[in-house]
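Everything quoted here is computed from the prediction, not taken from an experiment. The chain is numbered in sequence order, starting from 1. Values reported hereafter were calculated over all heavy atoms of this structure, with side chains retained and with hydrogens, waters and symmetry mates removed.
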Amino acid sequence: MWGASDVLVVTAPLPGALRVRLLPEARANTLGFPRVGPKRSFALRPDLPAGAPLHVTEAGAELWVSAGGLSLHLNRVTGAWRVVTGHGPADDGAEGRELVSALDWSGEAPAQRPALDAERFNLRRTRLHLDAPDGAMYLGFGERVGPLDKRGMHLTFWNTDCFPHHTETDPLYVSVPFTTVLQGGRAHGVFVDEPWRMEVDVARAHPTELRWASAGPELDVYVLAGPRPADVLRRYADLTGYAPMPPLWALGAAQSRWGYRTAEDLRAVIQGYRDRALPLDSVYVDIDYMDAYKVWTVSRANFPDLRAFVKEAGEQGVKLVPIVDPGVKLEAGYDVYEEAAKGDHLVRTARGDVLVGEVWPDPAVFPDFTRPEVVAWWAGRHKFFADAGIQGQWNDMNEPACFSLRQPRETEGKTLPYDARHGTRTHLEVHNAYANGMSEASRAGYAKFSPQIRPWVLTRAGYAGIQRHATVWTGDNTATWSHLALSLPMIQGLGLSGIPFAAADVGGFAGDTTGELLARWYQAAVGYAFVRNHAALGTTDQEPWRFGDAVTDVIRSALELRYRLLPHLYTLAQGATRTALPVMRPLALHWPADEDAAREDTQYLLGEGLMVAPVLRAGHRRRLVYLPAGRWAAVFNLAQFGPVHAGGQHVVADAPLDTLPMYLRAGTALPVTEAAPHTTSARWARLSWLIHAGPDGFVGQLFEDAGDGHAGGRATRLVGERQGARLTIRRETEGDTGSFEQRETMHVLGLGHVRAAQGAASFAYEDGVLRLTLPARWQTVTLDLEPGDDEDPGDVGTVPAGGA
Ligand code: GLC
């Protein structure tokens, strides 16, 4: 390793983050020094502050570079390097914890002339081998099948349209070369910011090495400090950006189907929901709304008046979310094509002609979203939707998918050939970043033409940083139990890859769903970031009422559960925009040192205190649930507390078809509201706190605002502090949400008998649960508890918890 033209560049972009740019075989400039050009990143936030100064210590062949709590140690003879915590030798010689150790890094000189055929591309041109100590777990890496820990897998970064994907398919639609490494309960991160086609071998080919290989000339490595997984995620988002706040309506129920063709079809869907008292906030409309699949057109026959229809649906509390595909139909006289051609906005072949392929429109050409001027042009096109009152958009096929090419070339997956041209770059270099530019354009378009709203942008493909522009759905899954189960680690893995808002198609996209599967899927999706039922053309109908009344009732309860949880889910969503912690969280995030918890991917957390354990198998009416440290009370349907279990063990949950097992951890206060046909605002007229008091009390969080737009909001911390026989409950608020009527109650499990409740409007104590009604604008409630009464009821029987 370590040749004369190998270059390693160290910077410290943020505290706790070291950037190590590795350029093996950097080309020499005229003076013979290796050339290190500036680099454009598609992942980094554009407003990244200037980095921190570096502290350098040299001793013979040893070089230490320290900044912001991390140090790189380089052997200048061998080129071996490693990153440790602390300040290197400046720390009185005490060495910190080793996070990363590079065993080998190397590369090959580029071909002398630009390659004209795919075979001439060396897909493993640049390599980096890192030590992968025994027992370390590797989480994240973007959108992947398989368990949360990717150790033992070989993964490719090449966004791919796979219809449908399977439980072994790799790669999928979203490439994020970022992993959180868990070792002995501590975490650190490794992010390789290269949009080029890459691969990572996660201790598969070699059992103790993490081997990266890129088709590009360098590897741009970020080492991120922990020590908690949440710290790694925050640092990653400090680099690549935080997701913007979604509008409340997008967290409500959504119905979609490839096959709804007309305004009449959608009208019938909305009516179907309303007739059966099923909540609904949005309908998605697939490719058939367009005129001959021409993007930015509407078929007059199918939607005679789009604007009027958007308004009509809006009056029923329903938003319309149309699909947008990047492929532009090549047709003389079609304004979008003409503009793209005239503006030189299109991807070209290696020979320089406009590249022509086939997608839904055929023939189709491809805007080059890797160039800022093309992003700006596409953003301008969104006026069409904004004028019609549309507030949400579904960007599909943006890997980009291409079914066939007019000038046949070899491709990897159904996409453009490696040697296609994006300005001066090859497709091999920027393929993975294509969707980022497309979704950036969508967000910019709505910001320009509908600045008063929060746009909802959903994308299928993406690269690191996509969370700044769009939310992600997991593409073309199937209506099978294995895909229901797969959705949890997939969504959790996306969450660990910096994408907090992700979900799978409820019911399954390809194939015919069944009533039981659909019902269980809706239950599992109670904690998805968004809940969209979507199905492919030609599959059996899968709206919630298609499988008889019993199934409809189960789905209605699941949707009502979702709507009752919205104060909590909305608070988690707002938290995600500040902390990058995803809405649906793997247990690994909060219990990294508990191996049973860290490897659990059949259940999830909504915040630190609410565990959700859906049934993921046909016919099952019970399931095992892992409860990490703490005490956990079963909560049936958010209305009844069940037995309290000590954590650190598996328990058996009863789960007949109408039951979604959930557990509330001692010390947690959970804000809930009443079910509603659709959302209106996140200023909850009825608010209940479901509280499982611990020995010291409890804490809860609530974020409230108008549910859309950009006006402030109010953050509430509910704190219950227990001292001896007294429990003081305080409400600490920050910000403002204007005046509105709120009726607030509390349902508290885990307290002894209450003798007096000063500051409450009323209180009652039934079967182990204390019910408090609060006066308007209350600040403090003080409870006097019966002395000597144990606050911990142990394994109690089922007791009603109330609810809103
Ligand atoms: C792709 C999308 C799917 C959509 C279909 C038709 O397969 O992933 O969601 O329904 O295209 O537009």
Side-chain angles (χ1 to χ4, degrees), residues 116-118 158-165 169 171-173 197 258-259 261 285-299 302 322-370 374 377-378 381 394-422 426-428 430-435 437-439 441 459-461 475-476 509-510 536-538:
L116 285 181
D117 72 83
W158 186 254
N159 292 352
T160 301
D161 168 25
C162 23
F163 171 78
H165 57 267
T169 308
L172 302 176
Y173 315 88
R197 186 194 183 283
W258 180 11
R261 299 181 65 83
V285 56
D286 212 315
I287 47 179
D288 294 307
Y289 77 84
M290 286 176 273
D291 175 20
Y293 303 139
K294 283 190 276 187
V295 60
W296 308 120
T297 69
V298 171
S299 151
N302 292 354
I323 199 168
V324 172
D325 292 340
V328 172
K329 182 154 186 157
L330 191 168
E331 185 183 275
Y334 164 41
D335 60 340
V336 182
Y337 168 70
E338 295 288 357
E339 268 180 39
K342 202 173 299 152
D344 187 20
H345 295 330
L346 299 170
V347 178
R348 293 180 177 273
T349 68
R351 293 183 189 285
D353 318 317
V354 167
L355 183 139
V356 183
E358 175 207 350
V359 206
W360 307 120
D362 179 23
V365 292
F366 299 85
D368 180 4
F369 293 120
T370 67
V374 183
W377 166 66
W378 195 257
R381 277 280 160 188
W394 167 23
N395 287 341
D396 189 21
M397 307 296 271
N398 47 3
E399 295 71 31
C402 175
F403 304 148
S404 70
L405 291 160
R406 283 301 148 100
Q407 308 95 331
R409 317 275 301 159
E410 208 178 307
T411 63
E412 182 173 355
K414 290 176 288 177
T415 190
L416 313 186
Y418 290 149
D419 62 359
R421 295 285 149 169
H422 297 253
T426 61
H427 192 64
L428 187 67
V430 293
H431 169 85
N432 287 335
Y434 187 84
M438 183 187 181
S439 289
T459 182
R460 191 169 73 175
D476 295 344
F509 176 70
L537 193 66

Asker: With rounding to the nearest 0.5 Å, note down the distance linking CD1 in Ile287 to CH2 in Trp394.
Answerer: 8.5 Å
Asker: Please confirm whether Lys294 makes a cation-pi placement over Tyr334, using NZ or CZ under 6.0 Å from the six-membered ring centre and within 45° of the ring normal.
Answerer: yes
Asker: Identify the heavy atoms of Leu172 and Cys162 that sit nearest to each other, and give their distance.
Answerer: CD2-SG, 3.6 Å
Asker: Indicate the atoms forming the closest heavy-atom contact of Gly259 with Leu537, along with that distance.
Answerer: CA-CD1, 3.8 Å
Asker: Judged by atom type as modelled, is there a donor-acceptor pair below 3.5 Å linking the side chain of Tyr289 to the main-chain atoms of Ile323?
Answerer: yes
Asker: When you compare the side chain of Pro400 with that of His427, does any pair of heavy atoms fall below 4.5 Å?
Answerer: yes
Asker: Strictly distance-based, threshold 3.5 Å: is any side-chain N or O of Thr426 a donor or acceptor partner for the main-chain N or O of Asp419?
Answerer: no
Asker: Roughly how far, to the nearest 0.5 Å, is CE of Met290 from OG of Ser299?
Answerer: 10.5 Å
Asker: On a heavy-atom basis, which atom in Pro164 and which in Ala510 lie closest, and how many Å separate them?
Answerer: CB-CB, 4.2 Å
Asker: Tell me, with the steps shown, if Leu355 and Leu405 meet side chain to side chain contact (heavy atoms under 4.5 Å, CB included).
Answerer: CA-CA 8 Å; Leu355 183 139; Leu405 291 160; 3.8 Å; yes
Asker: State, to 0.1 Å, how close Gly475 and His165 come at their nearest heavy-atom pair, and which atoms those are.
Answerer: C-CE1, 4.3 Å
Asker: One pair to check against side chain to side chain contact (heavy atoms under 4.5 Å, CB included): Thr415 and Thr160. What are the steps and the verdict?
Answerer: CA-CA 8 Å; Thr415 190; Thr160 301; over 6 Å; no
Asker: Does Asn398 reach the side chain of Tyr173, with side-chain heavy atoms less than 4.5 Å apart?
Answerer: no
Asker: Under 30°, 30 to 60°, or over 60°: which ring-plane class applies to His431 and Trp158, parallel, tilted or perpendicular?
Answerer: parallel
Asker: Name all residues meeting the salt bridge (charged side-chain N to carboxylate O under 4.0 Å, His left out) criterion together with Arg261; count only those two or more places apart in sequence or in a different chain, and write none if there are none.
Answerer: Asp288
Asker: Tell me, do Asp335 and Arg381 make a side-chain contact under 4.5 Å, heavy atoms counted?
Answerer: yes
Asker: Would you call Asp291-Lys329 a salt bridge at under 4.0 Å N-O?
Answerer: no
Asker: Just verifying a value: how many Å separate Arg421 CZ and Asp353 CG, rounded to the nearest 0.5 Å?
Answerer: 12.5 Å
Asker: Could you check if a side-chain atom of Arg460 sits within less than 4.5 angstrom of a side-chain atom of Asp476, using non-hydrogen atoms only?
Answerer: yes
Asker: Which pair of heavy atoms, one from Glu399 and one from Tyr434, lies closest together, and at what distance?
Answerer: O-CB, 4.1 Å
Asker: I'd like to know if the side chain of Thr349 and the backbone of Arg351 have a donor-acceptor N/O pair within less than 3.5 Å.
Answerer: yes
Asker: Would you tabulate the side-chain donor-acceptor contacts of residues 359-369 under 3.5 Å, counting partners in other chains and residues two or more places apart, or write 'none'?
Answerer:
residue, atom, partner, partner atom, Å
Trp360, NE1, Asp325, OD2, 3.3
Asp362, OD1, Arg406, NH2, 2.6
Asp368, OD1, Thr370, N, 3.1
Asp368, OD1, Thr370, OG1, 2.6
Asp368, OD1, His422, ND1, 2.8
Asp368, OD2, Arg371, NE, 2.8

Asker: Could you pull out the closest heavy-atom pair between Asp161 and Met397, with the gap in Å?
Answerer: OD2-CE, 4.4 Å
